[in-house]
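Input: a single structure, listed below in structure tokens.
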2 protein chains.
Amino acid sequence: MNNKMVEEKIEKLKEACKKQHMRVTNQRIEILKEVASSTSHPDAEAVFEAVKSKLPNISIDTVYRTLASLEDLNMIFRVDNQLPKARFDADKTPHHHFICTRCGEVFDIFVNERDKIKIPQQAFKIGTIKDANLQIRGVCNKCNGKKKEN
Amino acid sequence: MNNKMVEEKIEKLKEACKKQHMRVTNQRIEILKEVASSTSHPDAEAVFEAVKSKLPNISIDTVYRTLASLEDLNMIFRVDNQLPKARFDADKTPHHHFICTRCGEVFDIFVNERDKIKIPQQAFKIGTIKDANLQIRGVCNKCNGKKKEN
DNA sequence: ACTCTTAATAAGAATAATTCTTATTAAGAG
DNA sequence: CTCTTAATAAGAATTATTCTTATTAAGAGT
């Protein structure tokens, strides 16, 4: 993302914070700026190191907390929708996964021939492909129900 | 997977082990049996608990090691291709990811309108969808090169 | 079957990523 | 400018996973 786009993103952050009654802190701005201007899908540690030059006293915990809140605000997202634990499957039939971002449950979605995913040509230039699957992220019905109870 | 399919899978494991000069251990058999007969994408802890009834002395380390080796043998796979660290991205333009299973590098793949993924109808019944992206797993060219050096 | 080599294991310590606890700071409402 | 409290820094704690080391057992060779 170029400078202008990053600046626009910061403006969006400010609006989003106001809307959610969240405070616009330097930490939030600098961390979003860093993720938005990076092209390397940085991890928390990399963001921490990069942001230190602007905010020398920042703690790694703030980075984690802020990345999570920026995700909540829909400003950034987590590549691969990391789950706290690795989960395994022995069924090699090509199928997709619906992953509930709230409870971590994984739902299989088996598709027919017509709905099979096609791997973009570009991918073959990057390396040797082992497999590919569609990852659908959302909130499952069960968790949606729970939300209403609160 | 039904009993018969599980048994077939165990046979495949035995063949694969012989081919790779790996020993056919009870731990490998029971762990594969557990993952293959489960429908819940179990994590290491769940496999550990389930397998304890058959092998009361099994250690959690063996479960982790065995799950990894079963993955190597292509008998099971890891849902979501868990990476050791969470990685973030601020670019919400729909795009896919090529994830190198060896070095963890994530490569963006931007696609044109025609190659856009279509979310299977079934997914909408499971819950509220936030987003979806294609995850292509493989080994990047750089890592493929390194392999040859050995 | 018996022996031997060594891959695989159990046990528990160690590590790495992430989250929690608590005291302090500062955003922004009034 | 003051006050409330959300957000933070610091470091301890936790959780998933991996490593270390001594022991066991698979299976090759006899």
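Predicted, not measured: the structure shown is a model, and the values here were computed from it. Just so it is clear, the values below take in all heavy atoms, side chains as well, and ignore hydrogens, waters and symmetry mates.
Taking every side-chain heavy atom of A:S59 into account, D:dA9 is the closest of D:dA7, C:dT18, D:dA9. Checking D:dA9, C:dT9, D:dT17 against the side-chain heavy atoms of A:R65 singles out D:dA9 as nearest.
Classification of A:E11 and A:K14 as a salt-bridged pair holds, one side-chain N sitting under 4.0 Å from a carboxylate O. Classification of A:E49 and A:K52 as a salt-bridged pair holds, one side-chain N sitting under 4.0 Å from a carboxylate O.
Using the six-membered ring where Trp is involved, B:F107 and B:F98 have ring planes that are perpendicular, over 60° apart on the 30 and 60° scheme.
As a whole-Å value, the separation of A:E71 CD from C:dT19 P is 11 Å. The CG-P distance, from A:D43 to C:dA17, rounds to 8 Å in whole Å. If you measure from atom CG of A:L70 to atom C1' of D:dT8, you get 15 Å, rounded to the nearest angstrom. When rounded to the nearest whole Å, the span between CG of B:N26 and P of C:dA10 equals 10 Å. Rounded to whole Å, the distance from CD on B:E45 to P on D:dT14 is 16 Å. Between B:K52 atom NZ and C:dA10 atom P the separation is 12 Å, expressed in whole Å. Following rounding to the nearest Å, A:I29 (CD1) and C:dG28 (C1') show an atom-to-atom distance of 14 Å. The CD-C1' distance, from B:E30 to C:dA8, rounds to 16 Å in whole Å.
Nucleic acid contact class of B:I60 (heavy atoms, under 4.0 Å, all strands): none.
No donor-acceptor pair closer than 3.5 Å links the side chain of B:R65 to the backbone N or O of B:I60.
Side-chain atoms of A:R23 stay outside donor-acceptor range of the base of D:dA7, with no qualifying N/O pair under 3.5 Å.
At the phosphate of D:dT8, OP1 or OP2 sits under 4.0 Å from a side-chain N or O atom of A:T25. A sub-4.0 Å separation between OP1 or OP2 of C:dT18 and a side-chain N or O of A:Y64 is present. Between A:Q27 and C:dA26, a side-chain N or O to OP1/OP2 separation shorter than 4.0 Å is absent. Distances shown here put a side-chain N or O of A:T62 below 4.0 Å from the OP1 or OP2 atom of D:dA9.
Residue A:S59 forms a side chain to side chain contact (heavy atoms under 4.5 Å, CB included) with just one option from A:D61, A:V63, A:N57, and that option is A:D61.
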Might you list the N or O atoms of the protein lying below 3.5 Å from N or O atoms in nucleotides 1-3 of chain D, with each pair's distance?
none

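Side-chain polar atoms of B:D108 and B:H96 form no donor-acceptor pair below 3.5 angstrom. Judged purely by distance below 3.5 Å, without hydrogens or angles, the side chains of B:S69 and B:T66 never pair a donor atom with an acceptor atom.
C:dA10: Watson-Crick or G-U partner is D:dT21, with both key distances under 3.5 Å. Taking a pair to require two hydrogen-bonding distances under 3.5 Å in either a Watson-Crick or a G-U wobble arrangement, C:dA29 pairs with D:dT2.
Cluster membership for A:F110 and A:I136, using ILVMFWY side-chain heavy atoms within less than 4.5 angstrom, is not shared.
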